[in-house]
There are 2 protein chains.
Amino acid sequence: MKLTAEPDDGLDAIPGFPVVLITVDNNIMTAAAFSFYSFKPPSVMVGIIPENLTFELIAKRREFGINFPTSDQFEEIITCGTASGRDENKFETTGFTPVPGEVIGTSLIAECPLNLECQVVHQIDFGGSHCWFVGEIVKAHIEESYRRDRALMYWNREFRRIGAIVN
Amino acid sequence: MKLTAEPDDGLDAIPGFPVVLITVDNNIMTAAAFSFYSFKPPSVMVGIIPENLTFELIAKRREFGINFPTSDQFEEIITCGTASGRDENKFETTGFTPVPGEVIGTSLIAECPLNLECQVVHQIDFGGSHCWFVGEIVKAHIEESYRRDRALMYWNREFRRIGAIVN
């Protein structure tokens, strides 16, 4: 039987989105408000709450790194999602190694198997809880042993692995 | 060892996004270009290639349904992702049952355990391959037995189940 529910309950029930670690400058923030944007030019977008330091940094630097952690890096993911870069250097707290981007000035995370260097090309701000930045991917770094199934998904207090291939 | 790669390879390597069946009017389209947009007001967004019938219909009707299929509905998902509503009625082809929305005029899919009724509040079009519509969720319908882990994810030719909880 299907129940009619409020919009918030519907939003909460969404399966999940990829967990990413957004880097700007020397700061790291965990996010699941991450999406594909366009194939040509290849671009992605991130949604940031304007009160966050990351918003301030992206608005200023006009670039960001998208680092895909593995499910093994759960502790670091939690740290980067709860601590604020205003209080601590999260590269130091987590022990993650910063690697300078080839194109962008922002640090990428060496321990993440996939990194995307992005330059902000558009800002989407219609006044909701999140402001979105569209970033064109200008360079990527992929571990030779990269496997999609090491990734972590998140929504509404549930972290999940990504599961088996169906097709 | 990490290899430097082109932007397209980086985009391809993304883990996956939830597979949704977008309904507008009496048409159905499979998409993974689906994202959260904002908590307040609760809203989501869908990315559509402007050549698709679904683009035309959303642009006209200013509303859409987001229907989350289960991994059991794989065949229907493929049909709704390959056939065009210009050639056939996909409710008829798949055997899915259309149910009118409570708020929107568009049909929802009875067999999907989670449906979101959305009204378009913004259109995002910076000229890439996709145009995005932000829809405020105005009503939701959730099966009593709904479980997030029946969902399907997709990216770059891989359909995957969503996996086990980590936290």
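Residue numbers start from 1 in every chain, and the chains themselves are labelled A, B, ... in the order their sequence lines are given, proteins ahead of strands. Side chains included, hydrogens not; waters and symmetry mates left out as well; all remaining heavy atoms used. Predicted model, so just to flag it, every value in this text is computed and none were measured.
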If hydrophobic clusters are built from ILVMFWY residues whose side chains come within less than 4.5 Å, do B/Ile109 and B/Val99 share one?
no
Using non-hydrogen atoms and a 4.5 Å limit, figure out which bit of B/Glu117 sits close to chain A: side chain, backbone, both or neither.
neither
Interatomic distance, B/Met1 atom CE to A/Ser145 atom OG [nearest 0.5 angstrom]:
11.0 Å
Selection from B/Val134, B/Asn156, B/Ile124, B/Asp12 maximising heavy-atom pairs under 4.5 Å formed with chain A
B/Ile124
If you measure from the Lys or Arg side-chain nitrogens to the Asp or Glu carboxylate oxygens, is any gap between B/Lys2 and A/Glu144 under 4.0 Å?
no
Tell me whether B/Leu114 shares a hydrophobic cluster with B/Val24, the cluster being built from Ile, Leu, Val, Met, Phe, Trp, Tyr side chains joined at under 4.5 Å.
yes
State, with a plain yes or no, whether a side-chain heavy atom of B/Glu102 is found less than 4.5 Å away from one of A/Thr4.
yes
Go through the atoms of A/Leu152 and report whether side chain, backbone, both or neither lie under 4.5 Å from a heavy atom of chain B.
side chain
Examine whether an atom of B/Tyr154 lies under 4.5 Å from a heavy atom of chain A, and if so say whether it belongs to the side chain, the backbone or both; otherwise answer neither.
neither
Among A/Arg150, A/Glu136, A/Met45, who wins on heavy-atom pairs under 4.5 Å with chain B?
A/Met45
Where does the angle between the aromatic ring planes of B/Phe39 and A/Trp155 fall among parallel (under 30°), tilted (30 to 60°) and perpendicular (over 60°)?
parallel
Starting from the C-alpha separation in whole Å, work towards a yes-or-no answer on side-chain contact (heavy atoms from CB on, under 4.5 Å) for A/Trp132 and B/Trp132.
CA-CA 12 Å; A/Trp132 289 76; B/Trp132 288 76; over 6 Å; no
Heavy-atom contact with chain A under 4.5 Å, split by part of B/Ala110
backbone
Can you tell me which of A/Val44, A/Asp9, A/Asp149 forms the most heavy-atom pairs within a distance under 4.5 Å of chain B?
A/Asp149
Answer with yes or no whether the hydrophobic clustering places A/Phe133 together with A/Phe68; edges join I, L, V, M, F, W, Y residues whose side-chain heavy atoms lie under 4.5 Å apart.
yes
Would you mind checking which part of B/Tyr146 comes under 4.5 Å of any heavy atom in chain A, side chain (CB onward), backbone (N, CA, C, O), both or neither?
side chain
Which atoms of B/Val138 approach chain A - backbone, side chain, both or neither, heavy atom under 4.5 Å:
backbone
Find the one option among A/Val20, A/Val121, A/Asp8 whose heavy-atom pairs under 4.5 Å with chain B are most numerous.
A/Asp8
With chain A, which of B/Gly47, B/Gly128, B/Ala32, B/Ala164 has the greatest number of heavy-atom pairs at distances under 4.5 Å?
B/Ala164
Does any heavy atom of chain B fall under 4.5 Å from the side chain of A/Ala13, the backbone, both, or neither of them?
both
Compare every heavy atom of A/Gly16 with every heavy atom of B/Pro18, then report the nearest pair and how far apart it is.
CG-O, 3.1 Å
Is chain A contacted by the side chain of B/Met153, its backbone, both, or neither, given a heavy-atom distance below 4.5 Å?
side chain
Return the CD1 to CZ distance between B/Ile162 and A/Arg161, rounded to the nearest 0.5 Å.
12.5 Å
Taking a hydrophobic cluster as the set of Ile, Leu, Val, Met, Phe, Trp and Tyr residues connected by side-chain heavy atoms closer than 4.5 Å, whether directly or through intermediates, do B/Met29 and B/Leu116 fall within one such cluster?
yes
Side-chain contact, heavy-atom cut-off 4.5 Å: B/Arg160 with A/Asn167?
no
Atom pair CD1 (A/Ile165) and CZ (B/Arg157), whose distance is rounded to the nearest 0.5 Å:
11.5 Å
Over 60° means perpendicular and under 30° means parallel, so classify the ring planes of B/Phe126 and A/Tyr37, tilted if in between.
tilted
I need the B/Leu11 CG to A/Ile137 CD1 distance, nearest 0.5 Å.
4.5 Å
The interface call for A/Asn115 against chain B, heavy-atom contacts under 4.5 Å, is side chain
Would you sort out whether B/Ser35 and A/Phe36 count as a side-chain contact (heavy atoms from CB on, under 4.5 Å), showing the intermediate values?
CA-CA 8 Å; B/Ser35 177; A/Phe36 158 75; over 6 Å; no
Euclidean distance, A/His130 NE2 relative to B/Ser38 OG, rounded to 0.5 Å
7.5 Å
Given the options B/Cys118, B/Gly10, B/Ser129, which has more heavy-atom pairs under 4.5 Å with chain A than any of the others?
B/Ser129
Check whether A/Leu53 and A/Phe64 end up in the same hydrophobic cluster, where Ile, Leu, Val, Met, Phe, Trp and Tyr are linked by side-chain heavy atoms less than 4.5 Å apart.
yes
I'd like to know if the side chain of B/Arg148 reaches the main chain of A/Ile14, judged simply by a donor and an acceptor atom lying under 3.5 Å from each other, with no hydrogens or angles considered.
yes
